[in-house]
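Notes follow once the structure below has been shown.
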Amino acid sequence: MSTLTFLGAVGEVTGSRYLIEVDGGGPGDGAASHRLLLECGMHQGGREAERANAEPFGRLAETLDEVVISHGHLDHCGLLPKLVREGYRGPVHCTPGTKALLEITLADSAFIMAKDIEWENRWRHRAGKSLLEPLFDIDDVERTLALCQTHPVGQPATLAGGVTLVYHDAGHILGSAIVELAIPSGGRTRRLVFSGDLGNPESALMKDPETPRDADLVLMESTYGDRDHRPLKETIEEFAEVLDAAFEDGGNVLIPAFAIGRTQEILYHLSMLYHQGRLRQQRIFLDSPMAIRVTELYERRRSTLDPKDLHALNVAAHGDPEQYLPGLRLTRSVEESMAINRIRGGAIIIAGAGMCNGGRILHHFRYNLETPSTRVVIVGFQAAGTNGRRLVDGADHLKVLGKDLKVRAHLHTLGGFSAHAGQTELIAWAGAFRDRPRFYLVHGEPVAQQALQQALHQVGIEAELPAYQQRIEL
Ligand code: ZN
C-alpha cells in the first residue's frame, strides 16, 4: 500500500510538509518505489520554529522523486531552497502564479536571512563564538526556481510512480491551489485532495475556492476552524469610518501590510471608496518594495483574478487603470520612503512588515505613534511576541529602532479582511464531497482543530487530528 506521513503543520499553522510513498505496484508490495513531498513549508514564530527549520532533511533530500507545492506563502514552500541545498534535484510542481510569486518571496527570504546572519555573526565574532550559516542563499533560490514545472489549474500532469496531479483554484492568494493527487496503491487508485489554504469567498480579487467532489482521503486546513469572520461589508464600513476620523483629526493612517494578497485587497477597497467619493485622503503611499513587486504581478496576472471585482473596479474608473487610485504613490527607494516622514497628517501609509517586527513600518511608527491623531489599522493576524501583537494587546510603550515610544495613536483591529475560509465555509467545503472520504485536519492550532472536528461531527462528518510523524495507508 502507498502511505502518507505527516511531517509538519500538525497541531500548528505553519511548517506544512507531508511525505507520500508510492508502492511498487502489485497488491501487498511493501517497498516504496517513489517518494513525493507535498509542501515544503517553513515554521514561523519564535526559537522553536527556528530550530525546526534548521533540522536537516537528511536522506529525504536525496531520495525524493517529486515535490508538489500548493501556493507561494512561505509556510508552504519556504524551505524549498534548503531542500535543494541539501541535494534535491527533482522537479518542483506548482501553478504558474505560484512560480511567479516564488521568484519574489524566496529571493526576499534569502536576502533577509543573509542580512540577519551578518548582523548576528558580527557580535558572535567579537564574542569569539562560532559563526552561523544561513539555511540557504540566493544561489540555492536560483537552483530551486530552475526546477519548477508549472501546471495551470485544471490541467492534469503525470508524475513519477504513475501519480496524477491536478490543481484547483483555492481562492486564497495569487496562484493558490487545492492539490488533487491520484495515487496507485495496492493495485488500485486512491484519490487524495489537499485543501492547501482555502480562501475567504468574501475577499476581494480572489475567485471563490473550488469544491472538488471526489476523494478517498482529504487533508483540510483548519486555521479558522473555531470561528467565522466578521462580514466584509461591516469591515469596510469600519475601515471607512477610521479613515474619515483620521482625516478629521489631521492625522496619518498607518497600515502594516502583508505583501502578498492583503496589500492588494486593501488597495482595491481604497479604490472603491475613492470612486464612491468616500476617501478624503489625497496621498496614499505603498511603501514596501516587495509589496510593490507583488502588486505589479497581480496586475500582470489579472486574468486569474475574480472577474466580478475587476469589472467593478473598471466600471468605477471608467476603464482607465491610471484612475484606479489616483493618489497612490509607489515608494521604492529609501529616499522616497524617508520623504514621507515629513508629512504630518492626511496621508495613508501602507508599509511592511505585516507584524511590525521589521521593515519600513517601524520608521513610520517613530514619526507617528506618539501623535494622538494617528490611526494604526491592523488588517492581519499578529503572532505572539511581535510588535503588532503588543499593540493589539494594548501596550502603552513600544521599543522601536532603539527608542522607547509612548503609544498615543489610536489602534484599530479589522478582522474581516482574512484570506482564509471561516468555520462555516470550511464545513460547506467538506460537505461537498460525495461518498464520505476520510478527513484529516491539518494547519490549525489545537483549539481551532478540536472546534472544527466537533462542528463537522454535528453534520455527520468524522475527521481525525493526525499526530506528528503519523503514517497512514492510502
Ligand atoms: Zn497561505
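In each ligand, atom 1 is the first atom listed, and ligand 1 is the first ligand listed.
- Listed by chain and residue number, Arg85 satisfy the side chain to side chain contact (heavy atoms under 4.5 Å, CB included) test with Glu133 (two or more places apart in sequence, or in another chain).
- Using modelled atom types and a 3.5 Å distance limit, the side chains of Glu180 and His168 yield a donor-acceptor pair.
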Would you list the atom pairs, donor with acceptor, under 3.5 Å between side chains in residues 96-113 and any protein atom, with sequence neighbours excluded?
| from | atom 1 | to | atom 2 | distance (Å) |
| --- | --- | --- | --- | --- |
| Thr98 | OG1 | Thr95 | OG1 | 3.0 |
| Thr98 | OG1 | Gly175 | O | 3.0 |
| Thr105 | OG1 | Leu101 | O | 3.1 |

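- Pairs passing the ring pair (Phe, Tyr, Trp, His ring centres under 6.0 Å) check and including a residue from residues 202-226, sequence neighbours excluded, read Tyr224-His229, Tyr224-His420.
- For the ring-ring contact (aromatic ring centres under 6.0 Å, His included) with His76, the qualifying choice from His172, His43, His443 is His443, the only one to do so.
- The count of protein N, O or S atoms under 2.8 Å from the Zn ion (ligand 1) stands at 4, with waters excluded from the count.
- Counting only N and O atoms by type, the side chains of Glu238 and Thr235 include no donor and acceptor under 3.5 Å apart.
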